[in-house]
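The block underneath contains the structure these notes are about, expressed in C-alpha cells.
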Amino acid sequence: VILSPDGAQVVLWLHIVAATVWIGGQITIAALLPLLRGQPELLERGARRFQRIAWIAFGLLVVTGIWNIHNAGITLHEMQADARGRTLVLKLGFVASSGAAAAAHALVVAPRAARTSSGGLRASSATLGSVSLLAAVLAALYGVVIAEQ
Ligand code: HEM
C-alpha cells in the first residue's frame, strides 16, 4: 500500500509547480540573455512568449495560494493575531513585490531598454528583473516556513 495525495496536497503541489515556472523561468531567461543580446528580434519574441507562460504561472500561484490559505485553516483574524498569519502577510508582501517588479520590468522598462542604447534604462530593467526574482525566492522561503508550521 502507498499513500495517495489528498485534495489539499494536490493544490499545494500545483502551487509548487507554478512557483518553479515563475522562478525557474526567470532564471532561465536571465541565463539566455547574453546569447540573445546580439539578436534583438529573437530576444523580443522569446520574451513575449515567456510572458504568457510566466503570467499563467503567477495567476495559478494566486489561485492555489488562496486555496492553500483555506486548506490550512488560516482566517483573516489570524493574519494579524498569530505568528503564522503575520508570516503569511510578509510572504504576500514579497508576492506583490515580485509581481509588481515583473510587470514594471516586462511591460514598461525592458521593451524601452531594448530599443535604446541607454545604459540607465538597461540598468533599471536589470534591477527590476532581479528584484522580482529575489522577492519570489523569499515568498517561496516564507511559504515553506508557513507550510512547516
Ligand atoms: C511568487 C509567488 C509565490 C511563490 C514563489 C510561492 C511559493 C510557495 C512555496 C515554495 C510554498 C511551500 C510549499 C511547501 O513547503 O510545501 C508555498 C506555500 C504557501 N503559499 Fe505560496 N507562493 C507564491 C504565492 C502565493 C500566494 C499569492 C498565496 C496566497 C494568496 C500563497 C499562499 C501560500 C500558503 C498559504 C502556503 C502554505 C501552505 C500550507 O500551509 O500547506 N502563495 N508557497
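For ligands, and for the atoms within them, numbers begin at 1 and follow the listed sequence. All of these numbers come straight from a predicted model, not from anything done at the bench.
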Using residues 36-44 as the side-chain source, report each donor-acceptor pair under 3.5 Å to any protein atom, sequence neighbours left out, with the distance given to one decimal.
none

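- Within 4.0 Å of ligand 1, counting heavy atoms only, the contacting residues are L12, H15, I16, A19, W22, I23, L61, V62, G65, I66, N68, I69, A72, K91, L92, V95, A136, A140, G143, V144, I146, A147.
- No more than 12 heavy atoms of other residues, nucleotides or ligands sit less than 6.0 Å from atom OH of Y142.
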Under 3.5 Å, which donor-acceptor pairs link side chains of residues 123-131 to any protein atom two or more places apart or in another chain?
unit_1	atom_1	unit_2	atom_2	d
S124	OG	G120	O	2.9
S125	OG	H105	ND1	3.3
T127	OG1	A123	O	2.8
S130	OG	A126	O	2.7

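- In this structure, I74 CD1 and Q149 CD are separated by 10.0 Å, a value rounded to the nearest 0.5 Å.
- Atom CH2 of residue W22 and atom CG of residue L60 lie 12.5 Å apart, to the nearest 0.5 angstrom.
- Remark: R112 engages no residue in a salt bridge (Lys or Arg N to Asp or Glu O under 4.0 Å) (not counting sequence neighbours).
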